[in-house]
Structures are given as structure tokens and as C-alpha cells.
J.: 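Attaching a single structure in C-alpha cells format; questions to follow.
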Amino acid sequence: MNVAIIGGTGVESWPGAEVIEQREIETPYGEPSAPLVRARVADTEVWFLSRHGLGHEIAPHRINYRANIDAIAGLGCDTVVALNAVGIIGDATPVGGLALPDQLIDYTWGRECTYLDGDRESLDHLDFTEPFDGALRRALIAAGAAAGIAVASTGVYGVTQGPRLETRAEVDRLERDGVTLIGMTAMPEAALACERGLDYACVALVVNAAAGRGDAPIHDDLVGSMASARYQATELVRSFLRASR
Ligand code: HPA
């Protein structure tokens with residue numbers, strides 16, 4: 001298994017990683033968000049990419065998802081563990097905890113969302129019934145259990161355009177749609193990974209209650225919860241890598 005980790009908001013670098021090399025990669029789709037970092041984590045070599053750039057400067061709708069996934073596939077990775085900060089509707093996970101979504105709904109627009117558009121590669125219609133790889137999700141859930149980290153094992157990730165957060169009415173609509181986790185970055189990333197034949201799963205860092213659903217202002221939630229969610233996510237991934245050796 002050759003693992004790539006895509007770090008999202010709050011995980012722009014891997015804490016304590018032993019860096020082996022950094023590669024600046026040019027793809028037919030342009031440049032990835034940041035240099036790809038080869039690092040040793042839990043005695044395993046992985047590639048790490050910071051989705052929003054090294055200084056968290058790339059907004060969700062401006063990320064070059066195609067370049068990111070193409071670079072990862074080109075490095076020989078077959079597995080992607082994506083870390084994504086999300087807001088939560090409901091109480092399946094406490095703020096500061098983790099969830100592993102098993103489904104998603106894409107509300108984004110205007111993003112370059114496929115390789116298979118008849119341009120560089122011939123037109124095809126990806127079977128995306130299951131957007132996240134089942135075996136990888138099960139391995140991550142087991143890794144959480146082994147490390148004593150509570151993880152909600154299902155969830156519907158609604159991918160919004162951002163960069164602004166939602167209105168209260170938008171959250172109500174998302175809830176009616178069945179969304180439980182709201183974030184801005186799982187699409188088109190998950191579909192592109194699928195098109196490239198990579199096993200892809202999302203570890204969602206629950207960093208706030210969705211707009212209108214919490215007691216505290218959203219940004220207070222974010223500041224208070226990120227350290228806990230980041231710690232648990234990185235411990236879960238370390239446990240996963242140890243079990244996959
Ligand atoms: N909505 C959308 N994206 C997010 C949120 C949210 O509440 N929290 C973190 N990313």
C-alpha cells in the first residue's frame with residue numbers, strides 16, 4: 001500500500017514527521033497546492049500534500065484538485081487518506097471529534113471536476129455510487145478503535161462551495177437532504193481520486209456545529225476544537241499506518 005495523506009485546514013504539515021524529500025511537481029493540469037513531501041510517519045513512508053497550500057492561502061474553490069490528484073497518482077500512490085475540516089448537523093460526533101463519512105452530496109459549482117471530459121482523456125461516466133472506499137474506511141475505523149479514538153463510522157458529507165460558511169436556512173435544507181457533515185473540499189477530490197483508480201477515504205475533523213446549530217459563534221468553535229480534532233486525526237492515521245505495515 002502506497003499512502004498519500006492530504007491535509008486540510010489545520011493540518012498544513014504533518015506534526016512530528018521525519019521529512020525525507022520534497023518534490024515540486026508540474027502536471028498536465030498545472031501545479032499542485034504545494035510541494036509533495038515524502039515523510040516517515042509511524043515507521044512508514046507516505047506522501048503528504050497540504051490541500052490549501054503551505055500557508056493555508058488557497059480557497060476551497062480555487063484548489064487545483066486535478067493537479068493534486070494527478071501528482072499523487074503519478075508518484076505511485078494507490079491510497080489516499082484525506083483530512084477535511086467539517087461542521088456538523090446533529091450530535092453523532094462531539095465538536096473536536098472525528099467522523100468517517102460513507103456518502104456525499106456535491107453542491108459545488110464551477111470547479112474543474114473530471115479528467116474524463118473528452119479533452120485529454122476520453123469521455124467516460126464514473127460509477128460513483130460509493131464515493132469512499134469501503135475497505136479503506138473499515139481499516140480507518142478499526143485503526144481508531146485500536147488507538148482508543150471514538151469515530152462516527154457513517155455520515156453524509158455535503159460539499160459546499162465556500163469560502164463563506166452557510167446560512168441557517170441553507171443548513172436546514174442540507175439537513176432535509178440528509179447531510180450530517182458540511183465541508184468545502186471533498187469534491188471534486190474524491191471523484192478525481194476514483195477516476196485515477198485510487199482508494200480514497202475522508203477522515204472528517206468535526207470543528208464546529210453547523211451555522212445556527214451551536215451555542216457559540218462558529219469561529220469560537222473552530223478555535224476551541226481544532227487542536228483536539230487534529231490530535232485525534234493524526235493519531236488515527238498513525239494507528240492506521242502501523243496496522244498496514
Ligand atoms: N461549513 C462548511 N465548511 C466547513 C464548516 C462548516 O460549518 N466547518 C469547517 N468547514
Side-chain angles (χ1 to χ4, degrees), residues 5-13 33 49-53 55-65 68 80-111 113 131-132 150-152 154-191 200-234 236-237:
I5 300 167
I6 302 180
T9 299
V11 194
E12 283 79 22
S13 61
S33 300
L49 173 63
S50 175
R51 183 188 289 117
H52 293 280
H56 195 261
E57 69 278 6
I58 310 174
H61 64 296
R62 292 207 175 132
I63 290 167
N64 190 339
Y65 295 96
N68 287 352
V80 178
V81 178
L83 309 185
N84 307 67
V86 299
I88 189 159
I89 302 175
D91 54 10
T93 307
V95 171
L98 303 178
L100 278 176
D102 58 328
Q103 273 297 330
L104 65 76
I105 301 177
D106 186 7
Y107 300 92
T108 67
W109 47 272
R111 302 183 183 190
C113 60
F132 302 112
V151 185
T154 58
V156 179
Y157 184 139
V159 196
T160 57
Q161 178 73 353
R164 68 165 177 82
L165 296 160
E166 295 70 42
T167 67
R168 189 195 309 275
E170 284 170 339
V171 171
D172 291 345
R173 186 188 76 159
L174 290 165
E175 183 172 41
R176 288 195 295 277
D177 282 356
V179 167
T180 57
L181 306 164
I182 315 175
M184 303 174 190
T185 49
M187 284 296 286
E189 194 175 275
Y200 179 100
C202 159
V203 176
L205 285 68
V206 177
V207 293
N208 60 277
R213 301 302 177 96
D215 300 327
I218 291 183
H219 285 103
D220 292 0
D221 254 11
L222 278 163
V223 170
S225 64
M226 183 56 87
S228 155
R230 176 177 40 225
Y231 174 76
Q232 294 184 66
T234 52
L236 183 143
V237 172

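Computed from heavy atoms alone, side chains included, the values below leave out hydrogens, waters and symmetry copies. Just follow the structure's listing: the first ligand is 1, and inside any ligand the first atom is 1.
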J.: With the criterion set at N/O pairs under 3.5 Å, what does the list of contacts between the protein and ligand 1 look like, atom names and distances included?
T.:
{"from": "ligand 1", "atom 1": "1 (N)", "to": "E166", "atom 2": "OE1", "distance (Å)": "2.8"}
{"from": "ligand 1", "atom 1": "1 (N)", "to": "E166", "atom 2": "OE2", "distance (Å)": "3.3"}
{"from": "ligand 1", "atom 1": "7 (O)", "to": "N208", "atom 2": "ND2", "distance (Å)": "2.9"}
{"from": "ligand 1", "atom 1": "8 (N)", "to": "G87", "atom 2": "N", "distance (Å)": "3.2"}
{"from": "ligand 1", "atom 1": "8 (N)", "to": "N208", "atom 2": "OD1", "distance (Å)": "2.6"}
{"from": "ligand 1", "atom 1": "10 (N)", "to": "A85", "atom 2": "O", "distance (Å)": "3.3"}

J.: Side-chain contact test, heavy atoms from C-beta onward, threshold under 4.5 Å: evaluate it for V11 versus L205 and give yes or no.
T.: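 SC-SC contact between V11 and L205 confirmed.
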J.: Only pairs under 3.5 Å count here: list side-chain donor-acceptor contacts from residues 94-107, not counting sequence neighbours, and write none if there are none.
T.:
{"from": "D102", "atom 1": "OD1", "to": "G155", "atom 2": "N", "distance (Å)": "2.9"}
{"from": "Q103", "atom 1": "NE2", "to": "T129", "atom 2": "O", "distance (Å)": "3.0"}
{"from": "Q103", "atom 1": "NE2", "to": "E130", "atom 2": "OE1", "distance (Å)": "3.3"}
{"from": "D106", "atom 1": "OD1", "to": "T108", "atom 2": "N", "distance (Å)": "3.0"}
{"from": "D106", "atom 1": "OD1", "to": "T108", "atom 2": "OG1", "distance (Å)": "2.7"}
{"from": "Y107", "atom 1": "OH", "to": "D177", "atom 2": "OD2", "distance (Å)": "2.4"}

J.: Compare all side-chain heavy atoms of V206 with those of Q232 and state whether any distance is below 4.5 angstrom.
T.: no
J.: Write down the atom of R51, the atom of A82, and the distance for their closest heavy-atom approach.
T.: NH2-CB, 3.7 Å
J.: For D172, what residues pass the salt bridge (charged side-chain N to carboxylate O under 4.0 Å, His left out) criterion, not counting sequence neighbours?
T.: R213
J.: Can you pull the side chain to side chain donor-acceptor pair (under 3.5 Å) pairs that have at least one residue in residues 200-209, sequence neighbours excluded?
T.: E189-Y200
